[in-house]
Protein chains: 2
Amino acid sequence: MVGIKEVARAAGVSIGTVSNVLNRPEAVSEETRLRVQSVITSLGYVRSESARQLRAGSSRIMAVLVLDIRNPFFVDVASGAERAAREAGLGVMVCNSGQSAQDEADYLALFAEQRVRGVLLTPVDGSGRDLAALRAQGIAHILVDRAAASEAVCSVSVDDVAGGRLAARHLVSTGHRSIAYVGGPSGLDQVRDRRVGALTVLEEAGLGEDALVEVSAVGLDVAAGRDAGARLLGLASRPTAVFCANDLLALGVLQALFAAGVRVPEDIALVGYDDIEFAAAAAVPLTSVRQPAFAMGQQAAEMLIEETGPQSAAHRHRHVVLQPELVVRQSSMRAR
Amino acid sequence: MVGIKEVARAAGVSIGTVSNVLNRPEAVSEETRLRVQSVITSLGYVRSESARQLRAGSSRIMAVLVLDIRNPFFVDVASGAERAAREAGLGVMVCNSGQSAQDEADYLALFAEQRVRGVLLTPVDGSGRDLAALRAQGIAHILVDRAAASEAVCSVSVDDVAGGRLAARHLVSTGHRSIAYVGGPSGLDQVRDRRVGALTVLEEAGLGEDALVEVSAVGLDVAAGRDAGARLLGLASRPTAVFCANDLLALGVLQALFAAGVRVPEDIALVGYDDIEFAAAAAVPLTSVRQPAFAMGQQAAEMLIEETGPQSAAHRHRHVVLQPELVVRQSSMRAR
DNA sequence: CGGGATGATTGAATCTGTTCAACCCGGGTG
DNA sequence: CACCCGGGTTGAACAGATTCAATCATCCCG
């Protein structure tokens, strides 16, 4: 594979000049620049990013580590990040922790070896162990879809408590007095916060704490939703509405209810979270709490670029909190 | 940031020994190995992948370039590839061409600079220009979800003609005589082949060529499906069944039909393609042609690893063709 | 006890770019 | 005429690892 040396020789200049053509073209006379460039294309020279990075120090790759790549919500987040990264001339490496702390740690180790420009991540658990490691290694990182507790790191998140309130207020105002909450593993802040939001609304409405019936799910995917839905049907006193921690769970619950002949929304109202594209296409179009996923990824990436760019000195850590929005569809329409 | 030199000094050995501890631990005495390893952890040393790669020549990253990351089908493909890659100790870089030839070329240029181990890709168009560039640069690559025309490259694909036949045979055998085909931009082989398969079945059934009504779509996503569905409804002689080039289109068509009060499957039967998870959760559970997406990604990655691994000399290019499978659900059940 | 085999370790060369001090050269200035 | 200036170019140092021939220490065997 042809290197910068051969290009220099073929163009009759020094390697320093070739490097300048690549990196600071304005510092090279037009004549030389054109000559070198034509040699580059005719020889098919491709610069070695590893050599560049080794000397220059900085990488051109941003890593994105999401909780669950099969959830379209995170795909949107990653797409937003990708858009911003490409505009800044960076590549992105999207990886999936699948909610496994081990996988998360493995990927972060990989990123560290790669000396990536920075990492966008939604941490698997609240322990913050991996975050501490990132800080210790001096790897820039930004939390996505999770508000940071610390002032030493940026974050972009959506107000999950507000989202939980939106969902619950909607259900309470349409007459429901007993609501099931289908949450995933409670280690996740998102799951917890949405529940807290719903709970405050029920309390404000003067309903007891047991107005919110907890139905745990083993995960946050459709299969876990189906499972939770089946258990929901087995409850002694069945709630009249279900609020799910995300749309995948809601779709699963919907399938389980359908299979059992329970009608939505007539027998049970259903509200999801995220408003993924498929929520609108569901068996019964799903009421959902919309999150600005793409914007979240985009903004997080922009903050990372600012933090690691030339004027990084001016960077101040900050916590951006975006607002969710309720989208009402058929699944929670008031029964006639 | 601490380098291998500091580790060597602190452990009282040469840098060659430290390198051996990292790469060929069996060549180092247990005592030294343990000492070096403890120094590594206590100093927080992280090897620089760019330096490693520069010297060693080979990268530890496999690139995956998919047509549309918002399509869960491709997410599955990428997940399969990721699984295989991780088992081989490789990282993956998943990128999205979004069916843009420009983006595809940009990403391939990025991969070339990175000297990635190899590329898994579903090319945007049949021109093969980018493939020629890959070959010229000596970058190993494998086509995914697309049968290669050339013997000089591996491919893993699903028999799309057979898939089209499965769908059409199912519809014909349930009594349909006029079928609409909703395809995306016809530049895509997948779209073309599925249509060809359907067509042959109609011909074999003695139906004329105009038994297949073409409804073009601007893309292969839900929005394009909605649009195509609306146009379908405007047709003078409305077909009794619709076969869509993928599930996203089918979900969009379904929404359009719903909005217009057309019942599925009573008024129009609907068949999709890919059998993504959301097909089963649709308004009316979708009949679909299932593709082994995860397996396809996994196998492609394994072939790439073989091609670029230590015994690459033994590698022979081959074209693996997997078989699709029809999954019948409510959307195409025979009307009572 | 010398010679050879074995195993651990070392030192230097190398990979491919970036960077920067030094240099060259033509033109303007005192 | 000497000097300075600045744009263009060069050459060498350098980044952080891998790799391999050479060295050294041990131990075994004849």
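This one's a predicted model, so the numbers in the text were calculated from it and none came from an experiment. Below, chains carry the letters A, B, ... as their sequence lines are ordered, and counting in each starts from 1.
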**Report entry** Shortest side-chain distance from B:Arg47, nucleotide among D:dA12, D:dT18, C:dT9
**Finding:** D:dT18
Query - Flag side-chain contact, heavy atom, 4.5 Å: B:Val64 against B:Glu82 - result: no
Report summary line: To the nearest angstrom, the CZ-C1' distance between B:Arg52 and C:dT14 comes to 15 Å
**Report entry** Under-4.0 Å side-chain N/O to phosphate OP1/OP2 contact, A:Ser29 with D:dT9
**Finding:** yes
**Report entry** Value in whole Å for how far the P atom of D:dA12 lies from NZ of A:Lys5
**Finding:** 14 Å
**Report entry** Separation of atom CZ in A:Arg60 from atom P in C:dG17, rounded to whole Å
**Finding:** 13 Å
Query raised in the report: Given side chains that start at C-beta, do those of B:Cys95 and B:Glu104 come closer than 4.5 Å, heavy atoms only?
Result: no
Query raised in the report: Which is true for A:Val36 with a 4.0 Å heavy-atom rule: it touches a base, it touches only sugar-phosphate, or it touches nothing?
Result: nothing
Query raised in the report: Closest to the B:Asn20 side chain: C:dG17, C:dT10, D:dT18?
Result: C:dT10
Report task. Check the distance between D:dG16's P and B:Ile4's CD1 and give it to me in whole angstrom. Result -> 11 Å
**Report entry** Nearest-Å distance for atom pair CZ/P, residues A:Arg33 and D:dG7
**Finding:** 15 Å
Report task. Give A:Val18 one of three labels, base, sugar-phosphate or nothing, depending on what nucleic acid heavy atoms sit under 4.0 Å from its own. Result -> nothing
Query raised in the report: What does B:Gly16 touch in the nucleic acid at a heavy-atom separation under 4.0 angstrom: a base, only the sugar-phosphate, or nothing?
Result: base
Requested in this report: Taking only Lys NZ, Arg NE, NH1 and NH2, and the carboxylate oxygens of Asp or Glu, determine whether A:Glu6 and A:Arg9 approach each other closer than 4.0 Å.
Outcome: no
**Report entry** Sugar-phosphate only, base, or nothing, as touched by A:Thr17 at under 4.0 Å among non-hydrogen atoms
**Finding:** base
Query raised in the report: What integer distance in Å separates B:Ile15:CD1 from C:dA13:C1'?
Result: 11 Å
Query raised in the report: Think A:Ser48 has a side-chain N or O under 4.0 angstrom from the OP1 or OP2 of C:dT16?
Result: no
Report task. Could you tell me whether B:Ser50 contacts a base, only the sugar-phosphate backbone, or nothing, with contacts defined as non-hydrogen atoms closer than 4.0 Å? Result -> nothing
Query raised in the report: Between D:dT9 and A:Ser14, is there an OP1 or OP2 to side-chain N/O distance shorter than 4.0 Å?
Result: no
**Report entry** Residue mapping more 5' on DNA chain D - nearest nucleotide basis, A:Arg35 or B:Ala51
**Finding:** A:Arg35
**Report entry** A:Glu49 CD - C:dG17 C1' separation (whole Å)
**Finding:** 10 Å
Query raised in the report: Could a donor-acceptor pair under 3.5 angstrom be found where the side chain of B:Arg55 meets the base of C:dT14?
Result: yes
Query - Heavy-atom pair with the smallest gap, counting every atom of B:Lys5 and B:Ile15 - result: CA-CG2, 3.8 Å
Query - Protein-nucleotide distance (A:Glu31, atom CD; D:dG7, atom C1'), rounded to Å - result: 14 Å
Query - Shortest non-hydrogen separation from B:Glu307 to B:Ala140 and the atoms involved - result: OE2-CB, 4.0 Å
Query raised in the report: Donor-acceptor pair, A:Arg115 side chain versus A:Ala112 backbone, under 3.5 Å?
Result: yes
Query - Side-chain N or O of B:Ser19 closer than 4.0 Å to phosphate OP1/OP2 of D:dT19 - result: no
**Report entry** A:Thr32 side chain near D:dT9 phosphate (N/O to OP1/OP2, under 4.0 Å)
**Finding:** yes
